[in-house]
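All remarks here apply to the structure that follows.
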Amino acid sequence: MKPAAQLTLGAIAVAIALAAGYFAGTRNAEHSAPASADATPTADGSGGKKILYYRNPMGLPDTSPVPKKDSMGMDYIPVYEGEDAGPDDTGAVTVSPARLQTLGVRTALAEPRTLDEPVRAVGRVAINERRVVDVAPRFEGWIERLHVSASGDPVRRGQALFSVYAPELVSAGSELQIAERLQRDASSDPAAAASAQRLAEATRARVSNWQMKLPEGTKAGNGRLTFTSPANGVVMEKKAVEGMRFMPGEALFRIADLSTVWVLADVYERDLARVKPGQHATVTLDAFPGRRFDATVAYLYPTLDAATRTTPMRLELANPDGLLRPGLFAHADIATGKAAPVLTVPASALIDSGERQVVLVAQDEGRFLPKAVKVGRRGSDHIEILDGIAAGERVVVSANFLIDAESNLRAALASFTAGQDNGAATAPTYSAEGTLDAIDLSADTVSITHGEIPALKWPPMTMDFNLASPEVAKGIAPGSPIRFEFEQRAPGEFAITRIEAATPASTGHKGH
């Protein structure tokens, strides 16, 4: 065969091989493409939705058109079609059902209810001063025997406390016996009998003034008597010792009835107008966690402590089990709320930045709309809403801050509350100076260390920017000082439109 013919046959064979390879590759691509498309939704639960872009996992204003990692190695989060805020619902957030379940989102209705609005105070348990008694003989004597010998012992009314010997009792007993004998012997002499009767009555009166009663048949030389407890309670103080001498009026026992106790709490000056005697209160103690004790505001003292700006308040509560020991630290919640119901939401539904308050209103199909609200009184578990939402709207009470981070809600709230026109055709543009740290043309991103940018309230930092086109960074080497311009194309999305080299002397990492 001639060389020319051999060359022609070889070219034909090569062409046939290439055509066969192209055909096989096309067939493989046609069969493999659907499998790949089906695999992605199965892995991430997106339901086959189109990925719009990838955003920074920490909520920073940084997005990427392709998967990437941040400086800490965390994967950027994909944002699917329908999860970004639409033009008609500025600040609205759409979260997929799979993510709602992962975040544990819970909602509750905004509804009218009676707000308890408690006043909280701290104090201590104290003895009920109206139930304290002293045992103090009104005559001189000696203690012969103690029947209750220790402080803290419980006693009952009529229980023997101690026995005494008193010379005055001996004298009184003798006078009483003499008067009674003269009264019997002088039955025939009316004048003598009357005199003996007056003597007996005077003796009994003197013993009565001692608040004592001589037993029937008291002997002249006896002079011994037993003191009993005048009330049920606990011995708080005991000065009596066997063999000791006591003087008239000396308190030998102090007994307190602890069946009811007081809680003395301090009310701040700003809450004085809301606290009134007769209000119900709930007392909790660190000694008994989980238990609540019902109390009543008994008295509000008329003085104010100038150092602490507080006024003492007295709560009275029953103590049938004796658990409330004087001196225990106590927390008191006084119910001062009005009886009329008001519109409220759970306290956990409010996102309070200090300057404004926002709640997330749940809508259909996993959409959440932030709404600014005006807050009124605050109760223990609920907050009064004066304006911003209506009764019956459902608000997020759990994972609302996670939704905030998940959808870059802070940027959305800024535009929402500022009343900006999101339909404006011209995107905001900013310029700054800095240093080009790295270029990733495969992802059309650059890393730049820039100075403060007052227009955005950004401090000096290093961050990633998108490139409007790969040509923007052409001819600029990493490490070069630069001037650059960028524009905000969406909340949290910034793209560089121009970069030019700058001399190190003129670059001070400035921005505006």
Side-chain angles (χ1 to χ4, degrees), residues 122-170 172 206-215 218 222-265 283-288 291 293-296 298-299 301 312-332:
V122 295
R124 67 191 184 280
V125 178
I127 296 173
N128 186 342
E129 296 176 5
R130 294 192 177 96
R131 293 177 176 265
V132 178
V133 294
D134 282 342
V135 179
R138 297 188 177 186
F139 51 84
E140 179 184 358
W142 284 261
I143 297 176
E144 288 193 333
R145 183 182 177 187
L146 285 178
H147 302 284
V148 176
S149 57
S151 297
D153 286 353
V155 294
R156 301 181 308 275
R157 180 187 294 272
Q159 179 179 342
L161 297 177
F162 58 95
S163 299
V164 302
Y165 167 75
E168 290 180 275
L169 287 178
V170 176
R206 187 165 73 251
V207 174
S208 177
N209 290 337
W210 292 338
Q211 290 189 341
M212 300 299 297
K213 182 179 180 181
L214 292 176
T218 299
N222 190 354
R224 288 169 175 81
L225 201 65
T226 299
F227 279 78
T228 59
S229 174
N232 297 326
V234 176
V235 177
M236 305 304 296
E237 296 181 16
K238 182 194 75 72
K239 297 182 180 179
V241 179
E242 283 191 5
M244 71 172 287
R245 178 189 179 187
F246 59 88
M247 301 303 292
E250 184 177 356
L252 301 179
F253 279 79
R254 172 163 290 182
I255 299 172
D257 183 0
L258 299 182
S259 60
T260 62
V261 294
W262 290 347
V263 170
L264 301 179
V283 175
T284 58
L285 299 99
D286 294 341
F288 306 103
R291 294 198 58 173
F293 300 87
D294 293 329
T296 303
Y299 186 65
Y301 286 79
M313 170 186 61
R314 182 197 304 159
L315 304 176
E316 188 169 333
L317 60 163
N319 184 31
D321 300 328
L323 296 177
L324 306 178
R325 294 172 171 83
L328 286 177
F329 187 75
H331 303 265

Test side-chain hydrogen bond (donor to acceptor under 3.5 Å, both in side chains) applied to T284 and R291, step by step: CA-CA 6 Å; T284 58; R291 294 198 58 173; over 6 Å; no
Residue that, paired with I255, satisfies side chain to side chain contact (heavy atoms under 4.5 Å, CB included) out of V132, N232, D153, L161: L161
Which of these passes side chain to side chain contact (heavy atoms under 4.5 Å, CB included) with F162: V135, V148, L225?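 Only match with F162 under side chain to side chain contact (heavy atoms under 4.5 Å, CB included): V135.
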Are the side chain of [X] and the backbone of [Y] linked by a donor-acceptor contact shorter than 3.5 Å?
| X | Y | value |
| --- | --- | --- |
| T296 | A298 | no |
| N319 | L258 | yes |
| E237 | F253 | no |
| D257 | S259 | yes |
| R145 | S163 | no |
| N128 | R130 | yes |

Any side-chain heavy atom of [X] sitting closer than 4.5 Å to one from [Y]?
| X | Y | value |
| --- | --- | --- |
| L285 | F293 | yes |
| L252 | I143 | yes |
| P248 | R138 | no |
| V125 | L264 | no |
| M247 | R245 | yes |

[X] and [Y]: which non-hydrogen atoms are nearest, and at how many Å?
| X | Y | result |
| --- | --- | --- |
| A136 | G249 | CB-O, 3.8 Å |
| A160 | H147 | O-CB, 3.3 Å |
| V155 | A231 | CG2-O, 4.1 Å |

Rounded to the nearest 0.5 Å, how far does [atom2] of [Y] lie from [atom1] of [X]?
| X | Y | atom1 | atom2 | answer |
| --- | --- | --- | --- | --- |
| L146 | M244 | CG | CE | 9.5 Å |
| L317 | W262 | CG | CH2 | 12.0 Å |
| R157 | Q159 | CZ | CD | 12.5 Å |
| I127 | R325 | CD1 | CZ | 13.5 Å |
| F246 | K239 | CZ | NZ | 14.0 Å |
| R254 | M236 | CZ | CE | 9.5 Å |

Residue pair S229 / R156, side-chain donor-acceptor N/O under 3.5 Å: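 Side-chain D/A pair, S229 to R156: absent.
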Would V164 and W142 satisfy side chain to side chain contact (heavy atoms under 4.5 Å, CB included), going step by step from the backbone distance to the final call? CA-CA 5 Å; V164 302; W142 284 261; over 6 Å; no
